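Since we're looking at a predicted model, the values are computed, not measured.
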Amino acid sequence: MKHLKEEFDRLTFKEVIVYLLAVVTMISGLTLLFTGLFIPPEGEIHGSVLTAFGSVCVFVASLLGISLHYANELDKFKTDVRQRLDELQQP
């Protein structure tokens, strides 16, 4: 549990907002899906509800995927710059 706390403390404010938005959006999508079970005809989820849930899932995936992709790209760029600077400093 301590490891998770340390990882959470390293997140920037923007990352916290993105993850929070992703969780809230996914919970609202799941709520929409389960609410569709109780609207007449009961036990059958209408196609529009499934389409909306699919859209929510794509939105959440794009939030998380884009964030992680660019974070990884930035880390690669920083590593590359450090290596080149080290090469230039060596005689």
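- Taking the side chain to side chain contact (heavy atoms under 4.5 Å, CB included) definition, one finds that T12 meets it with K14, E15, sequence neighbours left out.
- Taken together through direct or relayed side-chain contacts under 4.5 Å among Ile, Leu, Val, Met, Phe, Trp and Tyr, V58 and V23 form parts of separate hydrophobic clusters.
- The pair D86-R82 does not meet the salt-bridge criterion, since no charged nitrogen lies less than 4.0 angstrom from a carboxylate oxygen.
- Hydrophobic clustering (ILVMFWY, side-chain heavy atoms < 4.5 Å, transitive): F59 and L20 are in distinct clusters.
- Applying the side chain to side chain contact (heavy atoms under 4.5 Å, CB included) criterion to D75, with sequence neighbours excluded, gives no partner residue.
- The distance from the CG atom of D80 to the NZ atom of K78 is 13.5 Å, given to the nearest 0.5 Å.
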Donor-acceptor list for residues 24-38 side chains, cut-off 3.5 Å, not counting sequence neighbours:
from: T25; atom 1: OG1; to: L21; atom 2: O; distance (Å): 2.6
from: S28; atom 1: OG; to: V24; atom 2: O; distance (Å): 3.4
from: S28; atom 1: OG; to: T25; atom 2: O; distance (Å): 2.7
from: T31; atom 1: OG1; to: I27; atom 2: O; distance (Å): 2.8
from: T35; atom 1: OG1; to: T31; atom 2: O; distance (Å): 2.6

